[in-house]
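This report concerns only the one structure given below.
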Amino acid sequence: MSGLQLPQDKLIEVYRSMRMIRRFEERVMDEMASGDIPGNTHLYAGEEASAVGVCLHLDEGDYISSTHRGHGHSIAKGVDIDSMMAELFGKASGTCGGKGGSMHIADLRKGMLGANGIVAAGAPITCGAALSAKLLGTRHVAVAFAGDGAMNEGVMSESFNLAKIWMLPIVFVIEDNGFGEATANEHVSAGSFTRRAESFDIPAIEVDGTDVFSVYEAAGVAIARARNGGGPTMLHVHVPRYYGHYSGDPDNYRTPEEKAAMRRERDCLTNFRKRVAEVSLLEAAELDAVDRAVDAEIDRAVAAARAAPFPPLSALTTDVYVKYL
């Protein structure tokens, strides 16, 4: 099904999810600047259409793994924003009890296996989730989100190989924003990412990550293949990254003109509004109402995070070691 053929309530859901990710990240940037969020963050702003277009096909029984840039994936998979915001503030009501922070948000109840500060480390974990689904016959699928830098890690090639050999129900989503931290791709990545996947006999699709409808359609093909026993697929999704690599990144490897043009010409929210207006599917007033509702939800989540208690001292050694015997 073409994304533009979705019913109105689903179109509103798509826009709301993308807007929620954008506002969440913008607010996190503000709170980081004020010093109220400890540690570090890697923001997903600009890449929203990738997570939303993929996760719209998933249910709570399906799995995803994420990266150090994991807020968007978590929101798209249905993780509660109040718990996420509390986690960023280091509060006990956070998804990981306030002890994981931005790079370790996880919610197994939602099939969110976790963000991960180690590049490409989510891929083999997701292969394990996909293997469990295959062995149990659940028809669930697993999606491994990774950045372009992950394609140069050996474990990604190992995961491709394993996924194909075992014909796992998995989709690898490579979100390519053109930079591995501050290094442009052309300096570190040889050849084509899709051809790398195809060398493992894994189908690969190039996708415009500023067009949520294109992502939705490509992800639909890949996820249907996985559910029906057709094995893995890779999506190479081209996305912009609005902020620097991390919260303190001066981002001086891109010119102000480049960054302004990126926001002006490659905004998935603007593109969505334009597309639905062209075919008279949604009115601007309806989308404006979504914007206001999302702003209110984010304000409430921040207020709740500020008011929540920090973990007690007794929590210091809980969830750290596991006794197997």
Side-chain angles (χ1 to χ4, degrees), residues 40-44 46-47 50-51 54 63-74 77 100-106 112-132 141-207 209 218-219 222 226 231-241 243-246 249 253:
N40 216 329
T41 59
H42 303 74
L43 302 182
Y44 195 71
E47 306 184 15
S50 177
V54 171
Y63 306 97
I64 68 168
S65 68
S66 185
T67 69
H68 51 276
R69 204 175 307 283
H71 306 162
H73 305 133
S74 300
K77 192 60 172 68
S102 173
M103 287 193 287
H104 301 98
I105 288 175
M112 195 333 192
L113 299 175
N116 203 312
I118 306 300
V119 176
I125 293 171
T126 318
C127 283
L131 178 61
S132 74
V141 302
V143 176
F145 288 99
D148 44 277
M151 289 296 288
N152 296 327
E153 294 287 342
V155 71
M156 182 59 76
S157 295
E158 293 169 356
S159 296
F160 282 170
N161 187 66
L162 190 69
K164 182 62 183 182
I165 291 296
W166 287 350
M167 289 296 285
L168 299 179
I170 188 171
V171 179
F172 298 96
V173 180
I174 307 303
E175 296 176 324
D176 185 352
N177 60 45
F179 289 87
E181 297 191 5
T183 304
N185 270 350
E186 58 262 31
H187 299 306
V188 294
S189 296
S192 160
F193 288 171
T194 55
R195 289 178 64 189
R196 291 192 202 181
E198 288 165 355
S199 72
F200 291 93
D201 198 24
I202 293 176
I205 309 171
E206 297 269 359
V207 188
T233 305
M234 189 196 85
L235 305 182
H236 183 194
V237 185
H238 297 272
V239 292
R241 189 191 76 200
Y243 295 103
H245 171 63
Y246 64 99
D249 182 1
Y253 43 87

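The structure displayed is predicted, hence computed values, not measured ones.
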Nearest heavy-atom neighbours spanning [X] and [Y]:
X      : Y      : value
Ala51  : Glu175 : N-OE2, 4.1 Å
Ala222 : Leu235 : CB-CD2, 4.2 Å
Leu168 : Leu131 : CD2-CA, 3.7 Å

Evaluate the side-chain proximity of [Y] to [X]: yes if any heavy-atom separation is below 4.5 Å, no if none is.
X      : Y      : answer
Asn177 : Glu47  : yes
Met151 : Phe160 : yes
Phe145 : Ser65  : no
Ile205 : His236 : no
Cys127 : Ile170 : yes

Working note: His238 + Val207, criterion side chain to side chain contact (heavy atoms under 4.5 Å, CB included); need CA distance, chi angles, decisive distance, verdict.
CA-CA 6 Å; His238 297 272; Val207 188; over 6 Å; no
May I ask you to check whether His71 and Tyr44 place their ring centres under 6.0 Å from each other?
no
Side chain to side chain contact (heavy atoms under 4.5 Å, CB included) between Asp176 and Asn185: does it pass, once the steps are laid out?
CA-CA 9 Å; Asp176 185 352; Asn185 270 350; 2.8 Å; yes
State, without any angle test, whether Asn40 and Ser102 hold a side-chain donor-acceptor pair at a distance under 3.5 Å.
no
Check side-chain contact (heavy atoms from CB on, under 4.5 Å) between His245 and all other residues, then give those that pass, not counting sequence neighbours.
His42, His68, Arg69, Glu181, Arg241, Asp249, Tyr253
